[in-house]
Amino acid sequence: MDTRFADLADLGEALERTSARLEKAALLADFLRRLAPDEVAPAVRLILGQPFPAYDARTLNVSWKQASAVVCELTAPTEDQRDRIWSEAVDGGEAVRMLFETARAEPVTPPPLTTLEVYQAFEAMADATGKGSRTRKADLIRGLLERASPAEAKYVVKNVFGEMRHGVSEGIMLDAVARAADAPPKTVRRAHQLWGDIAEVAGVALTGGVPALQAATVRLFRPLQPMLAQTADDMADVFAKIEDVALEFKFDGARVQVHAQSGGDEVRVYSRQLADVTASVPDLVAAVREGLRAQDAILEGEAVATGVEGRPLPFQDLMRRFRRVHDVDRLARQIPLHLHAFDLLWLDGQSLLDQPYEARRAALAGVIAPPLTLATQVMPTDVTKAEAFAQAAYEAGHEGVMAKRLSSAYTPGARGRHWLKLKHVETLDLVIAAADWGYGRRHGWLSNYHLAARDEDTGEYMVVGKTFKGPTDAEFQALTARLLALERHRAGSTVYVEPRLVVEVLFDEVQNSPSYPAGVALRLARIARVRDDKSPAGANTLQDVHAVRDRRRARKGHR
Ligand code: AMP
């Protein structure tokens with residue numbers, strides 16, 4: 001029996017009425033169970049309002065104007081009706097339902113719409129391209145809406161725009177699939193992490209059950225969800241969490257997953273969101289064809305936009321490359337991409353996911369050649385060596401390092417403990433030259449500290465930032481007592497002190513600042529700790545602060 005589209009519309013209305021997650025999953029599971037095998041995947045796509053999976057480059061390409069022209073043609077509302085409905089409806093889909101209810105001129109044309117038929121009409125809309133495609137798309141929408149009840153019309157239009165508003169997240173849908181197929185949620189999630197397509201997982205779960213889900217494996221041209229990293233506090237934290245650690249540069253680019261078949265005859269590139277971005281990156285595709293020495297492979301890496309002398313360009317420039325669909329070649333010349341490969345997930349018919357990282361990386365090294373490069377990697381034996389590598393990464397223009405457990409398998413979609421990211425933090429040792437009396441909770445304490453660096457040319461301490469961030473209550477009290485003992489004079493609520501006390505300061509940026517006589521100011525300064533081991537003579541100078549600013553500027557290439 002063909003499932004009517006009206007049932008899917010009723011489900012949508014029922015989902016809208018409940019906010020309870022469990023109830024939503026139960027409603028969905030009930031619906032999925034009643035579907036014929038070939039209806040499951042299309043129905044899941046139509047429920048989620050994503051007619052095509054992320055990796056599928058097809059798009060509907062229908063504008064709101066085109067769709068609403070068809071709606072108005074079929075409903076012919078008076079101006080009053082239209083204005084009232086537009087102001088009352090919460091979204092476009094709901095407005096269409098109300099228009100159909102109040103102003104549909106003709107009765108609904110039989111036969112009733114089926115779910116499969118609606119899905120096929122969406123495929124036909126995406127397939128219509130070139131001359132006459134606008135008319136063809138409008139005809140297809142009209143063909144559906146002529147036969148639609150008000151609620152069906154609402155869900156057709158919602159699918160055109162991909163905005164469902166019934167609160168069904170991927171998580172809820174996965175739970176529903178597990179219930180409907182009587183499968184453990186973990187098994188369903190794993191298949192989803194491998195295939196990145198929830199509708200296909202639903203189809204397989206409901207036809208083949210648990211054994212079919214368990215047999216799920218990596219497939220070419222089906223991007224897997226990427227393995228993710230947790231944040232580490234510092235290098236000591238990295239060593240405490242991972243004994244067998246490899247460090248790599250953390251490139252400031254965009255993660256890509258490259259699938260290649262038949263020695264590079266067919267290459268597709270997917271973004272971190274699993275979208276097919278092949279058409280925007282012909283230079284990456286060419287580099288893979290040239291540098292990959294394998295029949296079939298799935299590799300991962302970071303695509304970096306390079307400027308003069310191969311230094312990384314700012315992230316915004318890179319993102320322009322990934323969004324571009326027109327004039328791609330010109331942009332590719334302006335902002336060339338380079339791939340730093342760091343993982344290999346599939347090689348010549350074999351999944352490498354369960355192999356340790358060390359083995360995957362060795363296999364990767366065996367199959368890539370210039371212009372592709374392997375992400376720079378070291379295996380440091382102690383924290384000091386590791387920190388030296390992190391410093392080198394930063395000086396070469398990268399945003400930090402990635403730490404990976406050499407013995408770990410690849411876990412798609414998981415943000416686990418086997419990959420840690422460590423962003424570069426830089427600190428300056430500065431001298432407290434003055435402090436303001438606090439107010440509110442900090443009343444009675446000197447709490448806003450004026451942070452100064454000595455100008456080597458004049459010997460004068462120049463303020464480069466102020467902060468009350470960092471110290472605990474007890475530290476505020478201790479600092480207040482120590483600073484009052486160094487008091488020189490007061491003006492208003494500020495106490496000026498002998499420049500003696502050195503503090504280690506974290507910051508985001510060094511900015512040029514017309515309001516500070518030093519000419520520079522730290523953005524988002526916060527005190528990490530008091531450096532009683534340092535004297536003002538050993539603290540950073542104004543010249544050091546300038547050098548940090550200049551280095552940070554140079555670190556990012558300029559076009
Ligand atoms: P984050 O996006 O801050 O969670 O950091 C993880 C991201 O860093 C990954 O998704 C990659 O896009 C990127 N990345 C840069 N270099 C590497 C590397 N050597 N290994 C793994 N990921 C990297």
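Just so it is clear, the model here is predicted, and its values are computed rather than measured. Both ligands and their constituent atoms are indexed starting at 1 by order of listing.
Atoms of ligand 1 found under 4.0 Å from any heavy atom of K404, numbered from 1 in the order shown, are 18 (C), 20 (N), 21 (C). Listed by atom number, the atoms of ligand 1 under 4.0 Å from F249 heavy atoms are 16 (N), 17 (C), 18 (C), 19 (N). Listed by number with element, the atoms of ligand 1 under 4.0 Å from a non-hydrogen atom of R272 are 2 (O), 10 (O).
For the pair M402 and ligand 1, the shortest N or O to N or O distance does not fall below 3.5 Å.
Of the protein's heavy atoms, E302 OE1, 3.0 Å lies nearest to atom 11 (C) of ligand 1. Of all protein heavy atoms, the one closest to atom 22 (N) of ligand 1 is F342 CZ, 3.5 Å. Protein heavy atom in closest approach to atom 3 (O) of ligand 1: K421 NZ, 3.0 Å. From the protein, the heavy atom lying nearest to atom 8 (O) of ligand 1 is K250 NZ, 3.3 Å. Among all protein heavy atoms, the one lying closest to atom 10 (O) of ligand 1 is R255 NH1, 2.8 Å. Remark: minimum distance from atom 19 (N) of ligand 1 to any protein heavy atom is reached at E248 OE1, 2.9 Å.
The closest donor-acceptor contact from the side chain of N540 to the backbone of L428 lies at 3.5 Å or more, if one exists at all. Y449 places no side-chain N or O within donor-acceptor distance of the main-chain N or O of G465, the cut-off being under 3.5 Å.
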Candidate pair K24 and D175, rule salt bridge (Lys or Arg N to Asp or Glu O under 4.0 Å), full reasoning: CA-CA 10 Å; K24 281 187 202 286; D175 285 349; over 6 Å; no

From CA spacing to verdict: side chain to side chain donor-acceptor pair (under 3.5 Å), R405, Y357: CA-CA 7 Å; R405 184 187 294 278; Y357 182 52; over 6 Å; no

Chi angles and distances behind the side chain to side chain donor-acceptor pair (under 3.5 Å) call for Q391, E387: CA-CA 6 Å; Q391 185 62 31; E387 274 170 354; over 6 Å; no

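With a 4.0 Å heavy-atom cut-off, ligand 1 is reached by the backbone of F251 and by its side chain too. At a 4.0 Å heavy-atom cut-off, ligand 1 touches R415 through the side chain alone.
Here E504 does not pair with K534 in a salt bridge; the nearest charged N to carboxylate O distance is not below 4.0 Å. Under the 4.0 Å criterion applied to side-chain N and carboxylate O atoms, R360 and D354 are not assigned as salt-bridge partners.
Contact record, Y270 with D276: CD2-CA, 3.8 Å, taken as the closest heavy-atom pair.
Not a single heavy atom of H340 lies less than 4.0 angstrom from ligand 1.
Defined by atom type and a distance below 3.5 Å, a donor-acceptor pair is present between the side-chain atoms of Q257 and H259.
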